[in-house]
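No experiment lies behind these values; they were computed from the predicted model shown. The basis for the numbers below is simple: all heavy atoms, side chains too, and nothing from hydrogens, waters or symmetry mates.
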Amino acid sequence: MSRYFRAKIRENLPLNRNHKLLTLETSSPENEPLPGQFYMLGVNRGGYDPLLKRAFSLFRKTSDGFQILYRIKGKGTSLLGGMKEGDMIDMIGPLGRSYPVPETGRTPLVIAGGVGMASVFSLIESIPERSYVFYGAKSKDELFMLDELGALSKGLYISTDDGSLGKKGNIAGVLEDFWGRKHETEDQYLIYACGPKPLLGLIARTASSHSIQAFVSLEEQMACGIGACLGCAVRVKSPVSVLQGSEQDFIYRKVCKDGPVFDAAEILW
Amino acid sequence: MNLEVEIGGLKLRNPVMTASGTFGYGEEYSGFVDLNQLGAIVVKGISLKPMQGNPPPRISETPCGMLNAIGLQNVGLELFLKEKLPFLRKFDTRVIVNILGNSLKEYQKISEALDDAGVDAIELNVSCPNVQQGGIMFGTDRKMLGQLITGVKNIVKNTVLITKLSPTVSDIKEFAKTAEDSGSDAISLINTIPGMSIDINTRRPRLKNITGGLSGPAIRPVAVRMVYEAYNAVKIPVIGMGGIMNADDAIEFFIAGASAIAVGTANFVNPEATTGILSGLIKYMERENIERISSLTGSLDIG
């Protein structure tokens, strides 16, 4: 059950020049968030500009609250970046559908592009099956939690756009290499991914070509986060077209409520 | 203390309503606010057939406001009656259904079904700026508006008729009068104001629809002015809306002439905005020794 509440900032830790890790204290153990869920955070310190709350993925649960990993890129995140320990913050959550827990015997491949790691980290941490983790970013200084990821995963594969760590290029390329020397039969794999939409589209195609089920977490402009504004529309194949293999017909689903986690095969990329 | 107001014969427990399109079908907010506490719930606009809505991006934030071009995505009349209305009926609040159509016939068909279903009021949407079928041609042509209202009024037996006026007319008073003369029991205003925003780096519009409707506190002074003008032009009740974020904002609308107010974009920012505004109104009435909220309507002092 999601609710509207205020939480106290325990720490707003800089990770590099434009990424921070926000630790929040909440008094609501009954509202335990699940991996893949998100919160709408009020970044405003009074007044109405910016007006709307911002959606942030759950990064990790803590004993008395949770953490959010975010990139400072606009007005809202800049304001959030300026908040300090002890500040109170308005929020709604936890919201949306979480990543489905993998069935036993399936090996998860978890793929994160950039700050997409914010959404999948708690999944990697919580699922009993150890996963192969694919993590790409612009450069070495935008890759976080590498020690933890190394310890939690069966294998950690890195790529950077500038080649400063891991393979140079896109993380989808690393995934392609992985298929070349795959360790298990393909039907045992299950993909989870979060990152820029073009990357997710690429992963969806790869998954489909290998007949692997993939769950992706999407992002879209949203005002309310609770299914009322209908702003965060995403095109999903209508049930009929899924059967007929046609992409003519589609319906809009809400990223906030029907997602943010979707089966990649449902999305019209 | 008396919070009751009357909108064209329809008694509301209190004057706090929701603005169409910002409160879903009520159920989206039922986990956040006690729906029984609201004066009325105005649901997302309903058309005869379901509508897909516009491609994304559909919303974009602007200073103290937001642009939207949702495109009237809705479940359609049939599904609304079957799935959405029964839920709303479980609550002790008034249910007002915002409707839209391409033709008088469509408006009549929807109205007839809603009248039979026993909804408390129908709000004629003649002012959606985002789709051609949003009824805006009715909202910006007085003759067509008059014909639409009369045509629907002749169909409904018990349902109170509210006409939601478009702010994109040169003289709101004339349209308010047309609504009154044609048989509308009340008017509501304002709908969003057409606007536009451009990303200067890509030179692309921020909305796929290019233009959208501006809402939020940015439009409040325009809304207050229009409510004031409409109130002075007609005798039927005026429902005021446009950027109401808190009780102070709501009170401004009552003083300008509103009999009831609707909370819109504020619901997105704070899902408990409606009930918060209601408690703020009560505090104001206590402080100012106001016995009846209705006495505040049109109480503007121009010296």
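The only option from Lys84(B), Arg89(B), Lys90(B) that meets the salt bridge (charged side-chain N to carboxylate O under 4.0 Å, His left out) definition with Glu27(B) turns out to be Lys84(B). With Thr23(A) as reference, Gln67(A) is the one residue of Lys8(A), Arg60(A), Gln67(A), Arg10(A) to meet the side chain to side chain donor-acceptor pair (under 3.5 Å) rule. Evaluated for a ring-ring contact (aromatic ring centres under 6.0 Å, His included) with Tyr39(A), the options Phe66(A), Phe56(A), Tyr70(A) yield exactly one hit, Phe66(A).
Side-chain atoms of Thr18(B) come within 3.5 Å of backbone N or O of Val42(B) as a donor-acceptor pair. Panel note: side chain Thr62(B), backbone Gly65(B); a donor-acceptor pair is recorded below 3.5 Å.
Checked against a 6.0 Å centroid threshold, the rings of Tyr99(A) and Tyr192(A) count as neighbours.
Residue contact with chain A, scored on non-hydrogen atoms closer than 4.5 Å, is absent for Asn267(B). Within the 4.5 angstrom heavy-atom criterion, only side-chain atoms of Glu220(A), from C-beta onward, approach chain B. Within the 4.5 angstrom heavy-atom criterion, atoms from both the backbone and the side chain of Leu230(A) approach chain B. For Pro55(B), the parts lying under 4.5 angstrom from a heavy atom of chain A are both the backbone and the side chain.
The choice from Met66(B), Glu61(B), Glu28(B), Lys44(B) that makes the most heavy-atom pairs within less than 4.5 Å of chain A is Glu61(B). Ranking Pro57(B), Pro271(B), Gly24(B) against chain A, the residue ahead of the rest is Pro271(B), based on heavy-atom pairs under 4.5 Å. Of all the listed residues (Glu272(B), Arg58(B), Gln73(B)), the one sharing the greatest number of non-hydrogen pairs under 4.5 Å with chain A is Arg58(B). Ranking Arg54(A), Arg235(A), Met40(A) against chain B, the residue ahead of the rest is Arg54(A), based on heavy-atom pairs under 4.5 Å.
One distance of note links NZ of Lys53(A) with CZ of Phe268(B); it measures 12.5 Å at 0.5 Å rounding.
Side chains of Leu202(A) and Leu200(A) form no contact here, defined as non-hydrogen atoms less than 4.5 Å apart.
A donor-acceptor pair shorter than 3.5 Å cannot be found between the side chains of Ser20(B) and Glu123(B). For the residue pair Asn74(B)/Ser47(B), the side-chain donor-acceptor check at 3.5 Å is satisfied.
Listed in order of number, the residues of residues 44-52 of chain A that approach chain B to under 4.5 Å between heavy atoms are Tyr48(A), Asp49(A), Pro50(A), Leu51(A), Leu52(A).
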